[in-house]
Amino acid sequence: MQYNFFTKRGEIVNQPWGTYLAGAVQFDVLGGQGERFFNECAQSSIPIQNIHPTPLGFCASVPLREYRKLHHLARKNRCKLKINQKRGAYFALWMYRKRWGILLGAALAIGVFSVFSRMIWTVQFYDFTPKEQMLVRSQLYEKEVYEGSIVSKEDLAQVQSALFLENKDYAWIKLNFIHGRLIVEKTTAEPPPWLASQEITNVVAACDGWIQRIEVSAGLLQRTEGQFVAEGDVLVSGVYQGQRQGVIAGHAEAKVYAMVELVYEVNQPLTSTVSVPNGEEKSYYTLHFMKLKIPLFYQRETAPNATQTIQKYPLKFLGFPLPITVEELQVREEKNIIVERSEEKAAAIARVRVYDAMQEALPGIVVLEDEETVMIEEDTLVLQLKVKAFADIAKTVPFPTPSK
Amino acid sequence: MKAKKKQGLCFSAKEAFAFSGKSFTTLMQPKPVLHVSCHGVLEIEHCKKIIQYTTQSIRLDMGVLVISIEGDELVMDIFRKDFIKIHGRVFAIQFFYEKG
């Protein structure tokens with residue numbers, strides 16, 4: 001252990017931890033036989049350091065544990081010892097000898113800060129839309145990455161890989177953990193270039209209709225404008241005889257606009273039972289901190305017909321995020337009630353259902369004329385709607401393989 | 001006639017181990033060494049005692065001789081039984097073969 005602790009002016013030059021913990025005393029040797037005193041110290045294996053003469057004698061320093069041995073030698077050589085400086089952990093802690101709480105608090109604070117430096121205080125999203133942010137946030141919650149959790153670099157790398165595999169829309173996604181902030185970055189993947197399908201297909205009529213206009217992209221046209229076609233008739237063929245290359249088989253694609261007449265019939269009950277909230281809503285909170293789950297309720301009373309929704313969000317105090325995540329369980333009690341609809345409302349609902357079905361079958365349909373018939377049968381309203389419309393009736397289907 | 005026994009030479013233990021005139025302790029004692037560096041640092045091994053110590057001069061008893069170091073602001077960094085380290089501006093080192 002080195003004891004190079006003081007310079008001749010009493011300044012600390014080399015202060016390794018061992019020396020500091022052992023402690024040292026700088027003292028003056030006044031009067032008497034100073035040289036002889038030091039000789040006897042050396043003979044007694046007391047390491048004396050930084051000896052320099054002063055007008056009244058000498059100044060030197062000695063390790064704390066050896067200082068008590070000096071008195072006997074000083075008395076023998078008629079010297080007086082006077083302490084100049086005391087340095088080291090022993091003297092630094094002396095004033096706290098009956099106030100261990102201060103030291104304990106300081107040590108605790110150091111421990112807490114060392115732990116908190118590895119904790120996620122806030123999660124920030126860069127270049128995310130609110131919808132994307134909500135989705136990624138829920139995925140992070142599933143993987144236990146949230147405000148207040150402690151994660152290692154290896155964990156983050158695994159979560160990053162998992163997020164990349166789960167979200168096909170992103171070219172890459174990165175989790176950067178910097179000074180307690182988890183920054184989530186991503187780049188949206190560009191759609192792959194359009195490639196013509198190599199499947200051999202035909203274009204057939206989705207429903208009966210009177211052809212008004214045809215736009216062929218690929219294939220051989222089988223019908224012309226002004227013709228009436230039935231459902232399933234081939235409009236554009238993907239396989240045809242070429243003028244030079246022989247039989248050509250490919251992907252047929254076309255838009256065939258036709259006047260169509262459709263008939264829909266919908267049954268809409270006038271009375272129905274629906275489940276609606278009865279106005280009683282309860283929230284139960286649980287705090288997530290590190291690996292701990294701290295529930296803030298004693299007993300959860302859930303009704304049998306209640307819907308439960310779980311929301312998670314970071315805890316904030318005066319707008320500042322805290323490294324704690326709040327899990328809110330919302331419980332809404334519901335009751336079944338019988339709803340009676342008037343004929344007009346039932347007919348309106350039925351009409352909407354018809355139009356939805358029509359748009360689903362023939363996207364972009366334009367209704368020119370409609371004629372509806374409403375009938376009441378017991379507790380049900382029957383709506384029959386005859387529609388005359390202008391729509392694209394082209395439907396691409398695989399080329400039928402000849403049966404053996 | 002009986003052959004006369006030849007008498008061998010007598011050696012004492014001192015003569016046998018070549019300790020001629022010197023005591024065992026004297027022979028086994030470590031020899032004092034003086035290292036001098038040009039940066040004004042002197043390292044002395046196995047010095048017996050300090051005879052005199054002032055800011056301008058230090059006299060050390062090395063056993064066989066006395067060393068006098070003259071200089072300015074001479075500070076004894078380490079003083080142990082077998083090792084002394086001195087630093088300062090050294091002007092002269094004198095060797096006295098007669099103690100005193």
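Each chain gets a letter, A, B and so on, in the order its sequence line appears, and its residues count up from 1.
- For chain A, the nearby part of B/T54 is the backbone; its heavy atoms alone come within less than 4.5 Å.
- Take A/A106 and apply the side-chain contact (heavy atoms from CB on, under 4.5 Å) test, not counting sequence neighbours, and it matches no residue.
- Contacts between B/I86 and chain A at a heavy-atom distance below 4.5 Å are absent for every atom of the residue.
- With sequence neighbours left out, the side-chain contact (heavy atoms from CB on, under 4.5 Å) criterion links A/N77 to A/Q33, A/R36, A/F37, A/E40, A/C79.
- Within 6.0 Å of the CZ atom in A/R99, the count of heavy atoms belonging to other residues, nucleotides or ligands does not exceed 12.
- Contact annotation for B/L74: only backbone heavy atoms (N, CA, C, O) come within less than 4.5 Å of a heavy atom of chain A.
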Verdict with reasoning, B/H35 to B/E45, per side-chain hydrogen bond (donor to acceptor under 3.5 Å, both in side chains): CA-CA 8 Å; B/H35 301 275; B/E45 291 176 23; 3.3 Å; yes

